[in-house]
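Here the structure is a predicted model, which is why all the values come from computation and not from measurement. FYI, the numbering just counts along the sequence from 1.
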Amino acid sequence: MSNPAVPPRSLAEALRARDDVSLAALLRARPDLITPVPTDLTQLATRAGTRASVVRALERLDRFALQTAEALAVAADPAPYGELLALLTGDGGDPAVSAALPRALGTLREQALVWGDDDRLRLVRTARELLAPSPQHPSPTGLGPTVQEATAGMSPGRIQDIVTAAGLGSTHDAVSAVASLTALFADRGRMSALLAGLPEESREVLSRLVWGPPYGQVTAEPAVHLRRLLDLGLLVPTAPGTVVLPREVALHLRGGRAHREVAPLPPAVEPAATHRPQVVDATTAGQAYTALATVEELLKDWDEGGPAVLRAGGLSVRDLKRTAVALDVAEPVAAFWVELAYAAGLLASDGEADERYAATPAYDEWLERPPAQRWTRLAEAWLTATRVSGLVGGRDAKDRTLSTLGPGLDRGAAPEVRHRVLTLLAGLPEGASPSRESVLARLRWERPLRGPQRTDDLRSRLAECTLTEAELLGVTGRGALSGHGRALLGASAPKTPGKVAEGPGDKLPVHHRPTVAEPLSPAEQATASAAAARLLAPLLPEPLDHVLLQADLTAVAPGPLQRSLAEVLDVLADVESKGGATVYRFTPGSVRRALDAGQAASDLHAFLAAHSRTPVPQPLTYLIDDVARRHGHLRVGAASAYVRCDDDALLNEILADKRAAGLRLRRLAPTVLAAQADPASLLDGLRSMGFAPAAESAEGDVLITRAHAHRTPPRTAPEPVPDGPPVPDATLLSAAIRAVRAGDLAATTPRRQTDQPQPATGELPRTSSAETLATMQAAVLTGEALWIGYVNAEGSASQRVIAPIRVEGGFVTAYDHTADEVRTYPLHRVTGVAELAEE
């Protein structure tokens with residue numbers, strides 16, 4: 001490690017002075033730096049300064065940390081802490097900014113965006129290039145270039161004219177003239193006197209440019225008040241017809257502030273309404289039950305094969321509309337349920353030539369679980385899914401419509417935003433629901449849009465979707481987080497909401513703190529889901545084993561039914577209305593459907609008598625008997641198709657009916673008619689005419705038709721698409737830091753001076769095979785450590801510091817300081833060896 005008393009001269013030296021905990025924090029905050037693991041700290045520093053990595057790090061800063069970096073970008077390089085504080089607080093000071101600045105600066109240091117001591121703060125070069133003002137990329141501060149930058153292309157004579165007009169003594173060169181002018185603009189007293197002598201029109205021009213943009217347009221012959229500003233250097237021409245307000249002038253007019261508004265503290269997520277926790281839990285339990293019923297209804301509707309898969313993937317607009325009508329919901333809500341079933345692995349495409357969507361085998365396993373566990377399966381899938389149903393109907397980068405289950409719906413930030421929104425709700429008192437505006441304002445502070453060109457606030461859109469979907473799913477009720485929702489997050493209600501924390505540097509209320517909790521690990525999430533299921537289970541309604549039969553041929557289910565009862569009733573009757581109580585209606589067609597499924601009239605009578613709390617109405621009994629009496633009186637088989645019946649008068653009636661013309665029937669025998677249509681079309685045609693035919697097999701037996709449950713082959717749930725590299729776990733961090741430290745040791749250990757040319761920094765040592773062998777053997781006798789270059793079997797080169805123990809058979813066995821273990825290396829893979837300098 002570097003000597004902490006010596007100020008670091010580079011970012012690599014600053015990283016070298018860090019301990020392992022600090023390095024781990026850096027790699028956790030910027031996981032792209034560890035993919036792949038850098039060979040040493042110099043390479044880590046280089047990677048931390050690349051444009052792509054710096055842009056990603058800046059986009060993950062909160063508003064005040066970003067404002068701090070923006071202020072450093074317009075400060076001197078390096079800048080003392082006092083100058084940075086003055087740029088953020090202005091001449092009047094701001095206690096809130098002064099208290100929050102150490103935390104923001106600590107964040108920038110932790111993420112290797114700023115390095116150096118407080119008296120020499122340096123913003124990494126790439127970040128300065130991104131945030132500093134330029135004509136192509138205006139600074140978020142609204143400041144322009146410095147006097148030195150603005151006058152870089154100006155003639156020395158013109159600069160001397162400006163110095164003279166400002167009342168300064170002439171100088172012998174342009175550099176000292178610019179320095180004199182800069183000192184004038186930075187002097188509060190002299191600058192105030194200079195501005196006081198200007199006409200009101202001139203001061204009005206400066207006021208329009210002071211908060212940016214700092215560029216303005218002038219004519220070839222500017223007015224007198226503009227000419228005065230140009231003569232004094234308060235406006236500097238940058239191009240024909242364009243002038244700019246120098247940074248020093250703007251800072252004086254602003255009172256020393258780099259930003260018009262500074263946000264040192266995150267906006268509070270305040271409760272908009274408060275409900276009793278019992279009411280919230282009861283509401284969410286009802287929504288959770290509705291969620292389970294909706295997913296079941298969706299997949300039951302697609303049980304025999306759902307809609308076709310579009311050629312480009314996804315569900316067509318027409319099929320989404322049909323699904324919405326079947327579920328009795330709006331199309332965006334239907335898209336959410338379809339995507340949720342897909343994310344949970346309950347729905348997929350079947351992969352056939354005529355590809356269609358259908359339930360997966362996992363759906364049948366899911367149905368057998370208790371309701372609370374089924375709900376947690378859906379909630380877990382929703383929390384971790386990167387697909388966003390709220391984008392359905394929008395356009396992608398190629399102006400193609402985004403469809404349900406189609407490509408282009410993945411947003412890597414979705415899981416983080418969902419978790420963060422629910423975490424903010426968990427920070428409120430139990431039963432408290434916030435306003436959407438306060439939640440969105442908090443998220444915008446935590447991840448502000450950077451630059452005026454960024455107009456698509458994806459995080460706000462994801463947050464709005466989260467609040468809506470959490471309500472649909474039963475995670476929240478009446479806008480407040482439920483008890484089982486808190487358990488799902490692994491959170492608990494704050495015992496003293498609003499209490500001020502007593503730690504130094506973070507005196508914020510619990511629900512004001514800018515820290516973002518990390519999602520749970522898989523093991524922690526399994527424990528949290530089990531706890532959520534235990535809390536939800538008592539709140540869900542118990543399935544009923546009975547219905548209430550009405551005289552108008554309807555049955556009322558006053559609550560959720562047991563699965564066996566619901567399955568039979570779905571075949572025997574049609575659903576007329578849904579809600580807290582489901583109404584079923586018995587029709588000739590529904591009764592015939594039950595008879596086609598193999599039920600006898602006596603079975604239906606016994607079933608209704610066993611599961612009705614009211615007597616079986618006589619009209620329902622008559623309906624079942626009447627349909628059963630006519631059921632199978634006609635028989636349809638394959639001729640292409642035929643109709644046979646013992647009652648030849650009935651066949652005569654069918655032949656005489658004009659509606660049968662399309663079936664092209666002809667008599668083969670007194671009791672048999674042949675048709676040109678296939679058996680299925682013949683069955684449908686005769687049923688539409690009011691008859692009740694039954695299909696028969698080749699042996700003459702009545703065919704029993706049952707609903708065929710179409711399933712896909714085994715499918716896995718879609719993998720979330722991450723937003724950048726995943727956050728490394730503790731094991732990977734430890735191994736990576738150990739490897740980086742070891743590589744840095746090998747790269748920075750002093751070499752013994754010899755007559756041979758020394759390799760440049762970062763290059764592998766090069767020696768002949770004989771020299772390598774002799775040096776190794778000598779080191780075994782003396783016990784000295786050596787610096788070697790090594791190329792492994794994959795061709796990857798590295799530098800290592802080893803202490804040879806034994807050399808034999810073309811191999812060297814040594815204690816490897818870089819790996820902190822004893823290893824054996826083939827000598828032919830050692831590129832060279834060098835002795836280390838003595839301590």
Are side-chain heavy atoms of [X] and [Y] found at a separation under 4.5 Å?
X: Leu569; Y: Val547; result: yes
X: Leu549; Y: Arg613; result: no
X: Leu623; Y: Pro588; result: yes
X: Pro371; Y: Tyr289; result: no
X: Asp303; Y: Leu299; result: no
X: Val616; Y: His605; result: no
X: Thr476; Y: Val280; result: no
X: Ser403; Y: Leu315; result: no

Taking the side chain from [X] and the backbone from [Y], do they hold a donor-acceptor pair closer than 3.5 Å?
X: Thr35; Y: Asp32; result: no
X: Arg356; Y: Gly306; result: yes
X: Trp302; Y: Leu347; result: no
X: Glu355; Y: Ser349; result: no
X: Arg411; Y: Gly408; result: yes
X: Glu270; Y: Ser438; result: no
X: Arg420; Y: Leu443; result: no
X: Trp366; Y: Arg374; result: yes
X: Arg478; Y: Glu471; result: no
X: Ser590; Y: Leu572; result: yes

Spacing of [atom1] belonging to [X] relative to [atom2] belonging to [Y], to within rounding of 0.5 Å:
X: Gln373; Y: Leu536; atom1: CD; atom2: CG; answer: 11.0 Å
X: His484; Y: Asp281; atom1: NE2; atom2: CG; answer: 6.5 Å
X: Phe607; Y: Ser564; atom1: CZ; atom2: OG; answer: 8.0 Å
X: Thr284; Y: Leu539; atom1: OG1; atom2: CG; answer: 7.0 Å
X: His275; Y: Ser433; atom1: NE2; atom2: OG; answer: 4.0 Å
X: Thr401; Y: Asp399; atom1: OG1; atom2: CG; answer: 7.5 Å

Derivation of the salt bridge (Lys or Arg N to Asp or Glu O under 4.0 Å) call for Glu446 and Arg442 = CA-CA 6 Å; Glu446 293 178 349; Arg442 177 60 174 268; 3.1 Å; yes
Residue list, salt bridge (Lys or Arg N to Asp or Glu O under 4.0 Å) with Arg60, at least two apart or on another chain | Glu416
Partner residues of Glu576 under the salt bridge (Lys or Arg N to Asp or Glu O under 4.0 Å) criterion, sequence neighbours left out = Arg585
Inspect the contact between [Y] and [X] and indicate whether a charged nitrogen and a carboxylate oxygen are less than 4.0 angstrom apart.
X: Glu59; Y: Arg447; value: no
X: Arg711; Y: Asp350; value: no
X: Asp319; Y: Arg322; value: yes

CA sep, side-chain torsions, deciding dist, call: Ser460, Arg436, side chain to side chain donor-acceptor pair (under 3.5 Å) | CA-CA 10 Å; Ser460 294; Arg436 291 198 172 205; over 6 Å; no
Is the count of non-hydrogen atoms from other residues, nucleotides or ligands lying under 6.0 Å from Asp603 atom CG greater than 12?
-> yes
Qualifying residue for side chain to side chain contact (heavy atoms under 4.5 Å, CB included) with Asp596, from Arg593, Arg592, Gln599 = Arg592
Could you report the tightest heavy-atom contact between [X] and [Y], atom names first, then the distance?
X: Leu462; Y: Ala413; value: CD1-C, 4.0 Å
X: Pro361; Y: Thr712; value: CD-O, 3.2 Å
X: Ala385; Y: Pro415; value: O-CG, 3.6 Å
X: Ala372; Y: Ala533; value: CB-O, 3.5 Å
X: Ala528; Y: Ala487; value: CB-O, 3.1 Å
X: Ala532; Y: Thr376; value: CB-CG2, 4.4 Å

Verdict with reasoning, Thr384 to Glu380, per side-chain contact (heavy atoms from CB on, under 4.5 Å) = CA-CA 6 Å; Thr384 59; Glu380 283 183 26; 5.7 Å; no
Indicate every side-chain donor-acceptor pair of residues 330-340 with a distance under 3.5 Å to a residue at least two apart or in another chain.
{"unit_1": "Glu339", "atom_1": "OE1", "unit_2": "Arg387", "atom_2": "NE", "d": "2.8"}
{"unit_1": "Glu339", "atom_1": "OE2", "unit_2": "Arg387", "atom_2": "NH2", "d": "3.0"}
{"unit_1": "Glu339", "atom_1": "OE2", "unit_2": "Leu405", "atom_2": "N", "d": "2.6"}

What do the steps show when you test Val392 against Leu402 for side-chain contact (heavy atoms from CB on, under 4.5 Å), and what is the final call?
-> CA-CA 5 Å; Val392 170; Leu402 298 174; 5.7 Å; no
Start with the C-alpha gap between Thr294 and Leu298, add the side-chain angles, then the distance that decides, and say whether side-chain contact (heavy atoms from CB on, under 4.5 Å) holds.
-> CA-CA 6 Å; Thr294 304; Leu298 166 69; 5.6 Å; no
Side chains of Asp552 and Thr554: donor-acceptor distance under 3.5 Å anywhere?
-> yes
Could you tell me whether the side chains of Asp678 and Ser681 share a donor-acceptor contact shorter than 3.5 Å?
-> yes
Would you sort out whether Val317 and Lys321 count as a side-chain contact (heavy atoms from CB on, under 4.5 Å), showing the intermediate values?
-> CA-CA 6 Å; Val317 175; Lys321 289 181 178 179; 3.9 Å; yes
